[in-house]
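Take a look at the structure set out below.
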Amino acid sequence: IIGANLMFILFCVPVVTIPAAIGGLTRVMSRLARDEQTYVIDDFLQGFKQEWKKSTVFALIEILFFALVYVAIGVYSKLISNQIVSTVLLALVLTVMLVFLAAANYVWVMIVSVDLPLKQIMKNSLALCLVKPFGTLISLLVQGAVIFVAVGYFPVGLFLPLVFGFSIMSFTASFNAWPQIEKYVINPHNTTK
């Protein structure tokens, strides 16, 4: 877990490779979550190289989404004079953001686990995050805890993500996502062949 985390950080140094590095880390952690034989360096490099296109496209979608959320929060909190309408719209934006974050966990795991177009992966991910809300919530809570420690206890808190935090976040997402991916995406496809 620590080795994969360190590889992830190393491969994130050229910022444009961050999406591919997420793919590499997710490949390693999803294999660990499935209790499969894992070779950290080989699996990381394979996930990094093979899925860099889908990873990059999805990362751009995430950036665009969060830019829109940022703009929406700014507009709804400052420009709408009616407090009730503003609060309802802010709550709606935050709810959509949480659903997107939950679905993103499934997207990253499916990018490295199944051979589907990104559009289909995103549709499946949205459905899957609603199928098992408890596991999805646990993934979000673990990720939120790691980010809270890193930011809230800065600079000492940076020790957590730098040593194993990114791996823990990816492992938790993979561990909670994989059973649903296998049950609702892979098994039905295999039975139709």
Side-chain angles (χ1 to χ4, degrees), residues 4 8 11-12 15-38 42-72 92-144 166-193:
F8 172 73
F11 278 75
C12 284
V15 176
V16 294
T17 61
I18 290 174
I22 294 171
L25 179 65
T26 304
R27 179 172 174 80
V28 173
M29 292 300 113
S30 65
R31 289 180 64 87
L32 279 175
R34 294 190 304 251
D35 203 23
E36 295 179 358
Q37 182 68 37
T38 305
D42 293 338
D43 288 333
F44 186 95
L45 292 175
Q46 187 175 6
F48 184 90
K49 290 178 193 174
Q50 288 181 348
E51 304 302 340
W52 71 269
K53 287 179 187 175
K54 284 182 190 174
S55 296
T56 303
V57 170
F58 184 65
L60 291 173
I61 291 169
E62 283 185 311
I63 290 168
L64 177 63
F65 176 81
F66 286 112
L68 291 172
V69 166
Y70 178 78
V71 169
L92 181 63
V93 168
L94 293 176
T95 302
V96 169
M97 185 182 76
L98 284 175
V99 171
F100 183 85
L101 286 171
N105 285 325
Y106 288 90
V107 170
W108 287 109
V109 176
M110 279 203 279
I111 283 174
V112 299
S113 302
V114 297
D115 186 25
L116 290 172
L118 185 58
K119 184 177 180 180
Q120 188 62 45
I121 287 174
M122 291 172 64
K123 284 181 183 177
N124 289 344
S125 296
L126 183 59
L128 290 175
C129 77
L130 301 173
V131 168
K132 188 179 179 191
F134 184 71
T136 302
L137 182 62
I138 289 174
S139 296
L140 290 176
L141 289 174
V142 168
Q143 293 164 351
F166 296 113
S167 291
I168 293 298
M169 290 191 296
S170 182
F171 178 80
T172 305
S174 298
F175 183 81
N176 286 314
W178 179 250
Q180 277 57 252
I181 294 169
E182 187 175 37
K183 182 177 180 181
Y184 296 108
V185 178
I186 296 173
N187 289 346
H189 178 71
N190 289 339
T191 57
T192 59
K193 285 186 174 181

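Residue indices begin at 1 and follow the sequence shown. Predicted model only: the values in this text are computed from it and were never measured.
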Tell me, please, which residues at least two apart from S113 pass side chain to side chain donor-acceptor pair (under 3.5 Å). R34
Are the side chain of S30 and the backbone of V109 linked by a donor-acceptor contact shorter than 3.5 Å? no
So do the side chains of M122 and I61 get within less than 4.5 Å of each other, counting heavy atoms only? yes
Compare every heavy atom of A21 with every heavy atom of F11, then report the nearest pair and how far apart it is. CB-CB, 3.9 Å
Audit row: Q143, N105, side chain to side chain contact (heavy atoms under 4.5 Å, CB included) steps and yes/no: CA-CA 10 Å; Q143 293 164 351; N105 285 325; 2.8 Å; yes
Does Y70 have any ring-ring contact (aromatic ring centres under 6.0 Å, His included) partners at least two apart in sequence or in another chain, and if so, which? none
V28 vs F171, side chain to side chain contact (heavy atoms under 4.5 Å, CB included): CA-CA, chis, key distance, verdict: CA-CA 9 Å; V28 173; F171 178 80; over 6 Å; no
Give, for atom CG of L137 and atom CG of L98, the distance between the pair rounded to the nearest 0.5 Å. 9.0 Å
Tell me which pairs pass ring pair (Phe, Tyr, Trp, His ring centres under 6.0 Å) where either residue lies in residues 103-127, with sequence neighbours left out. F58-W108
Does F100 have more than 12 heavy atoms from other residues, nucleotides or ligands lying within 6.0 Å of its CZ? yes
Do F8 and T26 have side-chain heavy atoms sitting under 4.5 Å apart? no
Which residues share a side chain to side chain donor-acceptor pair (under 3.5 Å) with Q120, sequence neighbours left out: N124
Could you go through K183 and V131, starting from their C-alpha distance and side-chain angles, then the distance that decides it, and tell me whether this counts as side chain to side chain contact (heavy atoms under 4.5 Å, CB included)? CA-CA 11 Å; K183 182 177 180 181; V131 168; over 6 Å; no
Look up atom CD1 in I18 and atom OG1 in T56, then write down how far apart they are to the nearest 0.5 Å. 10.5 Å
L101 side chain reached by F65 side chain, heavy atoms, under 4.5 Å: no
For the OG1 atom of T136 and the CG atom of L130, what is their distance to the nearest 0.5 Å? 7.5 Å
Rounded to the nearest 0.5 Å, how far apart are OG of S125 and CG of L116? 9.5 Å
Given 3.5 Å as the limit, does a donor-acceptor pair link the side chain of S170 with the main chain of F166, or not? no
Using 0.5 Å steps for rounding, measure from the CD1 atom of I111 to the NZ atom of K54. 7.0 Å
CA sep, side-chain torsions, deciding dist, call: F66, M97, side chain to side chain contact (heavy atoms under 4.5 Å, CB included): CA-CA 8 Å; F66 286 112; M97 185 182 76; 3.7 Å; yes
Can you run down the side-chain hydrogen bond (donor to acceptor under 3.5 Å, both in side chains) pairs that involve residues 172-181, sequence neighbours left out, and say none if there aren't any? S139-N176
Got a second to check how far I121's CD1 is from L126's CG, nearest 0.5 Å? 14.0 Å
What residue pairs, at least two apart or across chains, pass ring pair (Phe, Tyr, Trp, His ring centres under 6.0 Å) with a residue in residues 115-137? none
